[in-house]
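Because the structure is a prediction, the values reported are computed rather than measured.
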Amino acid sequence: MIQYFEGYKPILITTRVTWKLPCHGWYKCNTDGASKGNPGHSSLGFCVRDDKGDVVYARAVDLGVTTNVVVEAKAILQGLEYCVEHDFHPLILETDSLVMKNAIEGEWDPPWIIAQDVKKIIEMKDNFNVIFQHVLKEGNIMADFIANIVFSFAGTSEFHSFSELPSAGRRLINLDKSHSPNLRIRIAKRRTPD
């Protein structure tokens, strides 16, 4: 067994992930939930940007103790409600939650705890020009950053422009706008010999 592990060389799979600008005249809303445990202390974050990649609005909200699927649903719902209320459309809404994307698209039945939120999201989606997309977490780093701000600063945080963001957030926005790639690296699964 020792000889096997000494000779083991993992096969790494690298995926290049970049945040993409929306088409001319479109807006993009990236959403994310953060949960320190499942259930655990949780927050949500979303960031709305225009077709130049500039921040139109961003929000972080402390949700107390709940689960990761609840915070993902609440993040999408609040982001979509804000965009509908402020007439930011056509809209691309990106989430790194495959559960939420598939529940909204009707491919999976939503867990009962978020069924009402998913129903509201679908109703708004049907009456508003919005495209839902799944994005890898490396392409959603700004929304993740905003969701995690709550753990550093208590309560709800709102940002109405680029200049209001903390310096780390401004750096992330500039990296996204410059199309700097993030790399997703994982180890390939190997088949065991029969």
Q: Starting at CD1 of Ile121, measure out to CG of Asp126 and round the result to the nearest 0.5 Å.
A: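 That separation rounds to 12.0 Å.
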Q: Whether the side chain of Asn38 engages the backbone of Asn68 through a donor-acceptor N/O pair (distance < 3.5 Å, no angle test) should be reported.
A: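 Yes; judged by distance alone, with no hydrogens or angles, the pair exists.
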Q: Would you compute the distance between atom CD1 of Ile173 and atom CZ of Phe159 and round it to the nearest 0.5 angstrom?
A: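 Rounded to the nearest 0.5 Å, the CD1-CZ separation comes out at 11.0 Å.
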Q: Short question: side chain of Asp87, backbone of Cys83 - any donor-acceptor pair under 3.5 Å?
A: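 Flag not set: sc Asp87 to bb Cys83 has no pair under 3.5 Å.
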Q: Taking all non-hydrogen atoms of both residues, which atom of Val55 and which atom of Arg49 are closest, and how far apart?
A: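 Shortest heavy-atom separation between Val55 and Arg49 comes out as CA-CG, 4.0 Å.
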Q: Pair Leu12, Ile187 - check side chain to side chain contact (heavy atoms under 4.5 Å, CB included), show working.
A: CA-CA 5 Å; Leu12 299 178; Ile187 296 174; 3.7 Å; yes
Q: Hey, is the main chain of Thr31 close enough, under 3.5 Å, to the side chain of Asn140 for a donor-acceptor pair?
A: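 Between the backbone of Thr31 and the side chain of Asn140 there is a qualifying donor-acceptor contact (under 3.5 Å).
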Q: Quick one: are Thr15 and Leu183 in side-chain contact, heavy atoms under 4.5 Å?
A: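 Answer no - side chains too far apart.
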Q: Can you pull the ring-ring contact (aromatic ring centres under 6.0 Å, His included) pairs that have at least one residue in residues 18-44, sequence neighbours excluded?
A: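 Counting only pairs at least two positions apart or across chains, the ring-ring contact (aromatic ring centres under 6.0 Å, His included) contacts touching residues 18-44 are Tyr27-Phe88, His41-Phe151.
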Q: Does the side chain of Lys36 come under 3.5 Å of the side chain of Asn148 through a donor N or O and an acceptor N or O?
A: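 The criterion, which ignores hydrogens and geometry beyond distance, is satisfied for Asn148 and Lys36.
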Q: Ignoring hydrogens and geometry, is there a side-chain-to-backbone donor-acceptor pair from Ser42 to Thr67 under 3.5 Å?
A: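 Checked: no pair found.
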Q: Report the C-alpha distance between Arg59 and Ile146 in whole Å, list the side-chain angles of each, state the deciding distance to 0.1 Å, and finish with yes or no for side chain to side chain contact (heavy atoms under 4.5 Å, CB included).
A: CA-CA 7 Å; Arg59 181 188 299 163; Ile146 291 169; 5.8 Å; no
Q: With a 4.5 Å limit on heavy-atom distance, are the side chains of Asp96 and Glu72 in contact?
A: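 A side-chain contact exists here, since the closest heavy-atom pair is under 4.5 Å.
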Q: Verify the neighbour count for atom CD of Gln3: are there more than 12 heavy atoms of other residues, nucleotides or ligands below 6.0 Å?
A: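 No, not enclosed.
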Q: Side chain of Arg170, backbone of Leu165: donor and acceptor closer than 3.5 Å?
A: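 Here the side-chain-to-backbone pair exists.
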Q: State yes or no: do Ile122 and Val84 share one hydrophobic cluster built from I, L, V, M, F, W and Y residues joined by side-chain heavy-atom distances below 4.5 Å, directly or via other members?
A: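 Yes; tracing contacts between hydrophobic side chains, which count when under 4.5 Å, links both residues.
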Q: Decide whether Phe132 and Val48 are clustered together by the hydrophobic rule: side chain heavy atoms of Ile, Leu, Val, Met, Phe, Trp, Tyr closer than 4.5 Å, transitively.
A: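 They do share one cluster, since a chain of ILVMFWY contacts under 4.5 Å joins Phe132 to Val48.
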Q: What's the spacing between Glu138 CD and Ile185 CD1 if we round to 0.5 Å?
A: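 Here the interatomic distance stands at 9.0 Å.
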Q: Using the rule that Ile, Leu, Val, Met, Phe, Trp and Tyr join whenever any side-chain heavy atoms are under 4.5 Å apart, tell me whether Ile113 and Val118 fall into a single cluster.
A: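 Ile113 clusters together with Val118.
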Q: Restricting to non-hydrogen atoms, name the atom on Lys177 and the atom on Gly53 that form the minimum distance, rounded to 0.1 Å.
A: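 Smallest interatomic distance, heavy atoms only, reads CD-O, 3.6 Å.
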Q: Return yes if a side-chain donor-acceptor contact under 3.5 Å exists between Ser97 and Thr95, otherwise no.
A: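 Not at all, the side chains of Ser97 and Thr95 share no donor-acceptor pair under 3.5 Å.
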Q: Any ion pair linking Asp176 and Lys20 (charged N to carboxylate O, less than 4.0 Å)?
A: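 No.
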Q: Heavy atoms only: give me the nearest Leu77-Met124 pair and the separation to one decimal.
A: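 Heavy atoms of Leu77 and Met124 come nearest at CD1-CE, 3.4 Å.
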Q: Okay, side chain of Asn30, backbone of Ala143: is any donor-acceptor separation there less than 3.5 Å?
A: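 Absent.
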Q: For Leu44 and Gln78, work out which heavy atoms get closest and say how close.
A: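 Taking every non-hydrogen atom into account, CD2-NE2, 3.6 Å.
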Q: So does Lys137 pair up with Asp32, basic N to acidic O under 4.0 Å?
A: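 Salt bridge between Lys137 and Asp32, a charged N being under 4.0 Å from a carboxylate O: no.
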Q: If you round to the nearest 0.5 Å, how far is CD1 of Ile104 from CD1 of Ile114?
A: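 Reported value, rounded in 0.5 Å steps: 8.0 Å.
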Q: Nearest 0.5 Å, what's the CD-CG distance between Glu105 and Leu98?
A: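 Going from the CD atom of Glu105 to the CG atom of Leu98 covers 11.0 Å.
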Q: With ring centroids as reference points, do Tyr57 and Tyr82 lie under 6.0 angstrom apart?
A: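 Yes; Tyr82 has its ring centre under 6.0 Å from that of Tyr57.
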Q: What closest approach, in Å, do Ser35 and Gly37 show between heavy atoms, and which atom pair accounts for it?
A: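 Taking every non-hydrogen atom into account, OG-O, 2.6 Å.
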Q: Kindly determine whether Lys28 and Glu94 satisfy side chain to side chain contact (heavy atoms under 4.5 Å, CB included), including the steps that lead there.
A: CA-CA 7 Å; Lys28 184 178 273 193; Glu94 288 186 333; 3.1 Å; yes
Q: Please tell me whether Val99 and Leu93 are part of a single hydrophobic cluster in this structure, the criterion being side-chain heavy atoms less than 4.5 Å apart.
A: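 In one cluster with Val99: Leu93, yes.
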Q: According to a hydrophobic-cluster definition based on side-chain heavy atoms being under 4.5 Å apart (Ile, Leu, Val, Met, Phe, Trp, Tyr only), do Phe145 and Val135 belong together?
A: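 Looking at the clustering, Val135 is in a separate group from Phe145.
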Q: Nearest 0.5 Å, what's the CD1-SG distance between Ile131 and Cys23?
A: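 So the gap between those two atoms works out to 8.0 Å.
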Q: Counting N and O atoms only, with roles assigned by atom type, does the side chain of Ser43 sit under 3.5 Å from a partner on the main chain of Ala147, one being a donor and the other an acceptor?
A: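 Present.
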Q: Kindly state each residue pair satisfying side-chain hydrogen bond (donor to acceptor under 3.5 Å, both in side chains) with at least one member in residues 106-117, sequence neighbours excluded.
A: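 For residues 106-117, and leaving out neighbouring residues, the side-chain hydrogen bond (donor to acceptor under 3.5 Å, both in side chains) pairs sorted by first residue read Lys74-Asp117.
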Q: Which atom names give the shortest non-hydrogen contact between Met142 and Leu172, and what distance separates them?
A: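 In this case the closest contact between Met142 and Leu172 is SD-CB, 3.8 Å.
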Q: Could you check Asn182 against Ile141 for side chain to side chain contact (heavy atoms under 4.5 Å, CB included), going step by step and ending with a plain yes or no?
A: CA-CA 9 Å; Asn182 295 295; Ile141 56 174; 3.9 Å; yes
Q: Restricting to salt bridge (Lys or Arg N to Asp or Glu O under 4.0 Å), what partner residues turn up for Arg186, sequence neighbours left out?
A: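 Testing Arg186 for salt bridge (Lys or Arg N to Asp or Glu O under 4.0 Å), a comparison that skips the adjacent residues, returns none.
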